[in-house]
Amino acid sequence: MECRSAAVSFLSWALVVSGAAFLLRQTRRCGQYGRYAEPGGRCWPAGPAWFLQEVPAFLVPLLLLVGFGEPGPATGRSLLVWTFMLHYFYRSCVYSLLTRGRPVPLKIICSSIVFCSLNGFLQGHHLLHCAHLQHTWLTSARLSAGILLFAVGLTINIHSDHILRNLRKPGEYVYRIPHGGMFELVSGANFFGEITEWCGFALAAWSFPAFAFAFFTICSIGPRAYHHHRDYKRRFEDYPCSRKAIIPFIL
């Protein structure tokens with residue numbers, strides 16, 4: 001498959017612009033799902049919803065990798081594609097089976113399916129058909145640091161999800177103060193983990209599409225962590241005052 005450079009550039013800039021717009025919007029109002037969902041409206045159970053909205057970001061790169069991969073050695077490119085897919089395999093095939101979250105509005109599911117499909121194509125297509133990696137790339141310190149950062153972020157993300165999940169029983173939607181892991185430092189430990197993941201991925205890939213996605217992630221879930229932090233402080237008088245919202249010791 002030829003590199004669709006115009007599509008890659010357009011989708012990358014779309015991530016940057018929509019990320020900035022999303023950040024501006026969330027200064028006034030948080031995304032309408034989870035604890036902030038408006039009453040009424042059509043919703044799906046959390047498990048099927050998370051599977052449907054996240055699985056395109058796993059399947060689209062997989063299709064590109066299996067069906068349209070470039071001939072010849074492509075170890076570096078494949079490594080990064082599998083790294084990207086690992087997160088979405090967890091989200092769609094593991095997290096969706098374990099989650100005890102609230103039902104998800106149908107409009108959120110549909111918009112997430114579109115986003116994950118386009119971003120899956122962007123990251124997969126660019127890495128497999130557009131990226132040009134040097135022969136020494138696999139031994140570079142930047143790659144090692146990026147993959148390590150991604151692994152640390154994924155570990156924090158999974159552990160934080162485990163803590164949140166065990167705060168409530170199945171079918172229960174009460175809120176309690178999370179403790180343990182990165183929650184001792186920030187209210188949005190799961191968001192901190194995911195941001196760390198994609199910053200690591202951007203460092204390893206060192207490409208505009210990867211940086212655009214990391215920027216979009218920061219703009220979309222960074223403010224949500226702040227809203228969660230503010231909501232915790234309103235709900236609980238004994239909420240730890242030393243915790244920050246998303247960046248330990250700072251913000």
Take Asp161 and Arg91, measure what salt bridge (charged side-chain N to carboxylate O under 4.0 Å, His left out) needs, and give me the verdict at the end. CA-CA 11 Å; Asp161 287 341; Arg91 277 286 168 218; 3.2 Å; yes
Do the two ring centres, one from Phe215 and one from Trp198, sit under 6.0 Å apart? no
Taking the six-membered ring for Trp, are the ring centroids of Phe84 and Tyr88 within less than 6.0 Å of each other? yes
Going through the distances and angles, do Asp231 and His227 end up as a side-chain hydrogen bond (donor to acceptor under 3.5 Å, both in side chains)? CA-CA 6 Å; Asp231 184 65; His227 285 288; over 6 Å; no
Side-chain atoms of residues 51-62: list all donor-acceptor pairs with protein atoms under 3.5 Å, sequence neighbours left out, distances to 0.1 Å.
none

With the 4.5 Å side-chain cut-off for hydrophobic clustering, are Trp13 and Leu118 part of the same group? no
Verify whether the ring centers belonging to Phe213 and Phe201 lie closer than 6.0 Å. no
Asn119 versus Gln123, side-chain donor and acceptor atoms under 3.5 Å: yes
Cation-pi check, Arg243 to Tyr232: give yes when NZ or CZ is under 6.0 Å from the six-membered ring centre and within 45° of the ring axis, no otherwise. no
Looking only at the aromatic ring of each residue, does the gap between the centers of His179 and Phe183 stay below 6.0 angstrom? no
With hydrophobic residues grouped by side-chain heavy-atom distances under 4.5 Å, do Ile113 and Phe216 end up in a single group? yes
For atom OH of Tyr95, decide whether the heavy atoms of other residues, nucleotides or ligands shown that lie under 6.0 angstrom number more than 12. yes
Is it the case that more than 12 heavy atoms not belonging to Tyr239 sit under 6.0 Å from its OH atom? yes
Treating Ile, Leu, Val, Met, Phe, Trp and Tyr as nodes and any side-chain heavy-atom pair under 4.5 angstrom as an edge, say whether Phe249 and Ile218 lie in one connected cluster. yes
Is it the case that the side chains of Asn157 and Tyr90 hold a donor-acceptor pair, with the cut-off being a distance below 3.5 Å and no angle test? no
